[in-house]
Structures are given as C-alpha cells and as structure tokens.
Undergrad: 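Here it is, the structure in full.
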Amino acid sequence: MNAFIQAMPKAELHVHLEGTLEPDLSFALAAKNGIDLPYETPEALLAAYDFHDLPSFLAIYYRAMHVLQDESDFFDLTWAYLKKARSQNVLYAELFFDPQAHTSRGVAFKTVIDGIRRAQEQAQSELGMETQLILCFLRDMSAESAMATLKEALPYKHLLIGVGLDSDEKNNPPLKFAAVFALARTEGLKLTMHCDVNQLNTLVHIGQVLHDIKVDRIDHGINSLEDPALCKIIAERGLGLTVCPVSNRFCVQDLTASHLRKMLQLGMRATVNSDDPAYFRAYMNENLQALLDDGGLTIDEIVQLVRNSFLVSWISEERREYYLNLLDAHVQAAA
Ligand code: ADE
Ligand code: ZN
C-alpha cells in the first residue's frame with residue numbers, strides 16, 4: 001500500500017454496514033445463532049461471490065444478512081467495520097443501514113439501531129472516530145413500507161443525519177418515494193439517493209433527484225456525465241457524488257477512473273467510497289490504490305477526491321475545517 005494514501009486522513013460517505021459483513025463474522029454469528037450456512041468454511045462462502053451486476057450482487061448481499069439477529073450482532077458488525085476503517089485512517093464516516101432488510105424478517109428496528117449506535121459510541125471513545133448514520137429505504141419495496149419505516153424511525157431521529165435510497169433501481173424511480181423524502185426533509189434530515197451506474201432511465205432518475213427530490217448528495221451518479229445540463233447543476237449546487245470505483249468494477253466492469261477525472265475537471269465534487277467492502281474485497285485505501293495503480297489517477301487527483309469527501313460531508317463547519325487542516329498538513333509534510 002502506498003504510504004501516503006495509508007496515512008492520509010480520510011472520510012467515507014458511502015458504505016452499507018450490511019456490506020461490511022466479512023465471511024469470518026458470518027460464520028461466527030451463524031454458529032452463535034444456530035443457523036446453518038450452505039458452505040463449509042468462510043473461504044468457500046467467499047468463493048461463491050460470483051456477482052457481475054447489481055441484481056446478482058444484491059441477491060447474495062440480502063441472503064447473507066440472516067445471520068444478523070440480535071443487538072450484539074449489529075454491534076459486532078459495525079464495530080468490526082469501524083476498527084478496520086480507522087486502521088486505514090478513515091477519521092470520519094457516514095454509515096448506511098437498511099432497516100427493512102431486518103424488520104421484514106422479524107428483527108426489531110430498535111435491535112438494529114441500538115447495536116449500531118453502541119458501536120458508534122465506542123468508536124468515538126476508543127478510536128477517536130466520528131460517525132453519523134443514514135437510514136436507507138429499499139426502493140424495490142413499496143413507498144408505503146418506506147413511509148412506515150420512516151415513521152418508526154422518527155423517535156430515533158436524533159441518531160440519524162439523513163435518509164437514503166438503495167437496492168434495485170430498475171423500475172423504481174426516485175419519484176416513487178417523493179412523499180417519504182418530503183417528510184424526511186420536514187423532519188430535518190438530509191437527503192441522498194442512489195443513482196446506480198448504467199441503470200435503465202438513469203438520466204431521468206438523476207433529473208428527478210435534482211429537480212423533484214432536491215437531494216443534498218447523490219450516491220454514484222456516474223451517468224450524469226452524459227448530460228452537460230445535469231453536470232452544470234451538480235457543479236453549481238456543489239453537490240457531492242459518492243462514487244465507488246471497485247464496486248463499479250464488479251457491477252459494470254469499469255473502475256470509472258476516467259469518469260472521476262472528468263468530474264473533477266468539470267468542478268463536480270466527486271468522492272471515493274467503498275460501498276460494500278466485504279463483498280468487493282476493497283475498503284477505502286484499496287479503492288484509492290486501485291485508482292492510482294489501475295486507473296492512472298495522479299496523487300493530486302486522489303488528494304482532491306479525498307478533500308471533496310470532507311467538503312461535502314454532513315458535519316459542522318468547525319469539524320470540516322479541522323479535517324481539512326489535517327489533510328493539508330499531511331499533504332504539506334509529504335511535499
Ligand atoms: N445496497 C448495497 N449496496 C448497494 C448498491 N451499490 N446499490 C444499490 N443498493 C445497494
Ligand atoms: Zn451503495
């Protein structure tokens with residue numbers, strides 16, 4: 001690993017906690033919860049990860065979640081990710097979670113959020129790592145289910161910074177969730193939505209998130225580059241785009257390094273993120289290293305992408321300045 005990348009202070013803005021479930025932890029939780037896994041070893045489970053697009057990934061991702069049963073399981077999941085991220089000098093993270101993937105199989109919302117919250121608190125006190133939580137709705141479930149989930153979450157609103165939209169985008173446009181996101185906005189939550197790469201009607205969907213939902217950030221958003229008018233709005237509003245290079249290499253067979261370069265050239269605030277690192281076998285630093293080694297990005301471009309993460313993160317101006325100063329000091333020390 002490039003020492004400069006390893007030691008650089010970083011932020012992660014697009015990581016699904018359920019996507020950080022490593023095979024070893026799957027096996028430990030399955031044993032604890034008396035669940036039979038259809039694989040003999042963690043290595044055999046890993047070898048069965050044969051996704052090539054978003055639906056084939058999501059099928060494996062949802063199937064694996066059944067081992068997550070009680071509060072301590074959600075704690076263990078979150079704590080393992082936070083320790084790993086902190087070891088890569090990720091100092092700040094905004095964490096996605098998918099409550100409907102758990103409530104739909106009988107696990108209570110409170111169980112999920114209590115476990116995650118406890119790990120966040122421990123990361124703050126033991127690792128000095130700051131995190132915030134983003135509740136994602138599953139877009140292949142109904143708008144009614146999303147609304148019910150939002151209402152169930154409102155008593156925990158103080159534990160959330162925002163809401164997002166993930167899962168299978170095909171035939172599930174942003175507008176389907178307009179009322180849910182309008183209520184979330186009224187409740188003071190930030191808004192983001194996945195606009196996954198190369199989806200059917202992707203430019204219509206990106207237009208909806210900008211004009212109708214009026215998101216505060218876009219997850220992925222690579223295809224905006226196909227429409228100069230969309231690029232212009234994103235750049236003018238200073239909207240962040242949470243790009244996930246190694247995830248893209250799996251789901252669309254392209255690291256999207258040239259897209260990241262183009263976004264930077266257009267003044268769009270692109271960032272680099274890991275998405276589902278246990279599945280794509282790449283946490284933050286492996287994503288940055290891949291952009292350097294395989295994508296041909298320069299160190300200056302990498303620094304700009306990392307700087308953008310702090311610029312578009314949902315933190316106070318005081319904390320933003322603190323992190324940007326740390327980043328500047330790191331860059332100057334290496335000059
Ligand atoms: N859920 C977890 N990862 C996802 C992704 N990359 N796109 C949509 N939904 C997801
Ligand atoms: Zn994602």
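Any value given below was found using the heavy atoms of this structure, including those in side chains, with hydrogens, waters and symmetry copies removed. All ligand and atom numbering here is 1-based and tracks the order in the structure.
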Undergrad: Checking the side chain of E18 only, and the main-chain atoms of Y61 only, is there a donor and an acceptor separated by less than 3.5 Å?
TA: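 Such a contact is absent between E18 side chain and Y61 backbone.
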Undergrad: So which protein residues pack against ligand 1 under 4.0 Å, heavy atoms counted?
TA: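 If the criterion is a heavy atom under 4.0 Å, then ligand 1 touches H16, L54, F57, L58, Y61, D166, S167, H194, D196, H220, D275, D276.
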Undergrad: Sorted by chain and residue number, which protein N/O/S atoms are under 2.8 Å from the Zn ion (ligand 2)?
TA: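 Listed by chain and number, the nearby protein N, O or S atoms are H14 NE2, H16 NE2, H194 NE2, D275 OD1.
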Undergrad: Will you find, in the side chains of N248 and T256, an N or O donor that is under 3.5 Å from an N or O acceptor?
TA: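 There is such a pair between these side chains.
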Undergrad: Is the distance from the ring center of Y156 to that of F109 below 6.0 Å?
TA: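 Judged by ring-centre distance (under 6.0 Å), Y156 and F109 do meet the cut-off.
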Undergrad: Please find out if less than 6.0 Å separates the ring center of H16 from that of H194.
TA: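 So the answer is yes for these two rings.
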Undergrad: What pairs of donor and acceptor atoms, side-chain ones from residues 305-313 against any protein atom, are under 3.5 angstrom apart with sequence neighbours left out?
TA:
{"from": "R307", "atom 1": "NH1", "to": "D328", "atom 2": "OD1", "distance (Å)": "2.8"}
{"from": "R307", "atom 1": "NH2", "to": "D328", "atom 2": "OD1", "distance (Å)": "3.1"}
{"from": "N308", "atom 1": "OD1", "to": "Q304", "atom 2": "NE2", "distance (Å)": "3.0"}
{"from": "N308", "atom 1": "ND2", "to": "A270", "atom 2": "O", "distance (Å)": "2.9"}
{"from": "S309", "atom 1": "OG", "to": "L305", "atom 2": "O", "distance (Å)": "3.4"}
{"from": "S313", "atom 1": "OG", "to": "F310", "atom 2": "O", "distance (Å)": "3.0"}

Undergrad: Show me the donor-acceptor pairs, under 3.5 Å and distance only, between side chains in residues 52-60 and residues at least two apart or in other chains.
TA:
{"from": "D53", "atom 1": "OD1", "to": "S56", "atom 2": "N", "distance (Å)": "2.9"}
{"from": "D53", "atom 1": "OD1", "to": "S56", "atom 2": "OG", "distance (Å)": "2.6"}
{"from": "S56", "atom 1": "OG", "to": "H52", "atom 2": "N", "distance (Å)": "3.0"}
{"from": "S56", "atom 1": "OG", "to": "D53", "atom 2": "N", "distance (Å)": "3.1"}
{"from": "S56", "atom 1": "OG", "to": "D53", "atom 2": "O", "distance (Å)": "3.1"}

Undergrad: With Y49, which of Y39, Y279, F250 fulfils ring pair (Phe, Tyr, Trp, His ring centres under 6.0 Å)?
TA: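 Going through Y39, Y279, F250 one by one, the ring pair (Phe, Tyr, Trp, His ring centres under 6.0 Å) with Y49 is satisfied by Y279 alone.
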Undergrad: Name the residue from R281, K84, K83 that meets the salt bridge (charged side-chain N to carboxylate O under 4.0 Å, His left out) definition with E22.
TA: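 The passing option is R281.
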Undergrad: Quick one: does any side-chain atom of R261 pair with a main-chain N or O of G296 as donor and acceptor, under 3.5 Å?
TA: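 Judged by distance alone, yes, a pair lies under 3.5 Å.
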